[in-house]
Amino acid sequence: MAVIRFSVSLEKELLSELDQYVRDNNFTNRSQGLRHLIEKHIVEKKWQCNNVVAGAIVMIYDHHKKDILARSNEIQHDYFDVILSSQHFHLSHDTCLEIIAVKGKAKILTELSEKLISIKGIKHGKLIMSKAD
Ligand code: NI
């Protein structure tokens, strides 16, 4: 594929952020860093679509917080057809880690993860998706 050169204007602070990103990820130069950022952003956008993907929703929460488990259960039952399995780990006296394996249309998985992660009291939540075919 042909490579086209173009110039980019960036604020000084943003450029130093880019350079830091390039260093942190061991890219050889800014072009590689930019390419990576563009691809990542566009691929994630494409994932808001009907493509079937597989992934996991990871959540950390305090099980003492009222209603988290009930609400999470309710949501998961609404999406039973895209949930493959889930695992619950008791990390400490208070903290739980839950990993939900999912497969389905990207936009449905995104919708499910947003509902789960936005439950009041969830400390941390993330959806990871990958091409399933
Ligand atoms: Ni637990």
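We count ligands from 1, going down the list as the structure has it; atoms in each ligand are counted the same way.
- Contact check for D81 versus I108: no side-chain heavy atoms found under the 4.5 Å cut-off.
- Taking 2.8 Å as the limit, the number of protein N, O or S atoms around the Ni ion (ligand 1) is 3.
- The environment of CZ in F80 is sparse: at most 12 heavy-atom neighbours from other residues, nucleotides or ligands sit within 6.0 Å.
- Annotation: the span from L97 atom CG to I60 atom CD1 amounts to 4.5 Å, rounded to 0.5 Å.
- Listed by chain and number, the residues in a salt bridge (Lys or Arg N to Asp or Glu O under 4.0 Å) with D19 are R30 (sequence neighbours excluded).
- Screening residues 109-123 for salt bridge (charged side-chain N to carboxylate O under 4.0 Å, His left out), with sequence neighbours left out, gives no hits.
- By the side-chain hydrogen bond (donor to acceptor under 3.5 Å, both in side chains) test, D24 is found to be paired with Q20, residues two or more places apart in sequence or in another chain being considered.
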